[in-house]
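One structure below.
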Amino acid sequence: DTAVSQTPKYLVTQMGNDKSIKCEQNLGHDTMYWYKQDSKKFLKIMFSYNNKELIINETVPNRFSPKSPDKAHLNLHINSLELGDSAVYFCASSRGTGMGSPLHFGNGTRLTVT
Amino acid sequence: EDQVTQSPEALRLQEGESSSLNCSYTVSGLRGLFWYRQDPGKGPEFLFTLYSAGEEKEKERLKATLTKKESFLHITAPKPEDSATYLCAVNEIQGAQKLVFGQGTRLTINP
């Protein structure tokens, strides 16, 4: 009964490949996020969707494309992977966009590009 | 751009030895300061939200406080299970949650 689940947990791939990470939440939340945690452990927001609408789109390469088929799912597709894309990617969700709703994070997907 | 700086980067304590973690922030307007706990191989787990200077919140051995420029996470009589990385974050925009995180403090409690 994991609240925010991501698949896969580990992803090892070669430069130039295209890959996807899936995220699902069963909390009934309507806002979902993608964060990237780099080697120095900084967490940085990439995207946020509210009711399937993109509301935050940070300065990330357009090789990264989020897709939200419904409120419970937010997937991340990455084209033409590069070495610098290696990181841990976290999905999160919250009830609404207000300050009173904390983010619930998944356990991350560790992406390694060789 | 909002910035969040946490200190120290790492802290080792003996079980029962109380201490505090610091989170300094610069924001154009505070829209919430958040504390999270992150265990190895896991996602951050929410602890507290603070909204205004002077506010305090407690949970078991943890107490978070907030001033206009910084927040402290006080840990009283810690146990080994309190070992984790503690992350501080501020919300950068109005009408949505765009969290800016600090680099975290890695806390180790020795038995």
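Sequence lines set the chain letters: A, B, ... in the order given, protein chains first and strands last, and positions in each chain run from 1.
Contacts from residues 85-94 of chain A to chain B, taken as heavy-atom pairs separated by less than 4.5 Å, involve A/Phe90, A/Ser94 in sequence order.
The residues A/Glu24 and A/Lys22 are annotated as not salt-bridged, no charged nitrogen and carboxylate oxygen being separated by less than 4.0 angstrom. Using a cut-off of 4.0 Å between Lys/Arg side-chain N and Asp/Glu carboxylate O, B/Asp39 and B/Arg37 are scored as salt-bridged.
From B/Thr105, atom OG1 reaches atom CD of B/Glu9 across 8.0 Å, with rounding to the nearest 0.5 Å.
Contact of A/Leu43 with chain B is made through backbone and side chain together, with heavy-atom distances under 4.5 Å. Heavy atoms closer than 4.5 Å to chain A are found in the side chain of B/Gln38, but not in its backbone. Heavy-atom distances place the side chain of A/Lys9, and not its backbone, under 4.5 Å from chain B.
A centroid separation of 6.0 Å or more is found between the aromatic rings of B/Phe46 and A/Phe105.
B/Phe72 shares a hydrophobic cluster with no other residue; no ILVMFWY side chain has heavy atoms under 4.5 Å from its own.
Ring geometry, A/Tyr35 versus B/Phe101: the interplanar angle exceeds 60°, so the pair is classed perpendicular (tilted spans 30 to 60°).
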Without placing hydrogens or testing angles, list every side-chain donor-acceptor pair under 3.5 Å for residues 45-52 of chain A, not counting sequence neighbours.
| unit_1 | atom_1 | unit_2 | atom_2 | d |
| --- | --- | --- | --- | --- |
| A/Ser48 | OG | A/Met32 | O | 3.3 |
| A/Tyr49 | OH | A/Pro66 | O | 3.3 |
| A/Asn50 | ND2 | A/Thr31 | OG1 | 2.7 |

Anything under 3.5 Å between a donor and an acceptor, one on a side chain of residues 73-88 of chain B, the other on a protein residue two or more places apart or in another chain? List them.
| unit_1 | atom_1 | unit_2 | atom_2 | d |
| --- | --- | --- | --- | --- |
| B/His74 | ND1 | B/Ser20 | OG | 2.7 |
| B/His74 | NE2 | B/Thr65 | OG1 | 3.4 |
| B/Asp82 | OD1 | B/Arg61 | NH2 | 2.9 |
| B/Asp82 | OD2 | B/Arg61 | NE | 2.8 |
| B/Asp82 | OD2 | B/Arg61 | NH2 | 3.4 |
| B/Asp82 | OD2 | B/Lys79 | N | 2.8 |
| B/Ser83 | OG | B/Pro80 | O | 2.9 |
| B/Ser83 | OG | B/Ile109 | N | 2.8 |
| B/Tyr86 | OH | B/Asp82 | O | 2.7 |

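With chain B as partner, the option from A/Gln6, A/Gln37, A/His104 having the largest number of non-hydrogen pairs under 4.5 angstrom is A/Gln37. Top candidate by heavy-atom pairs under 4.5 Å with chain B, chosen from A/Glu58, A/Lys44, A/Lys40, A/Arg110, is A/Glu58.
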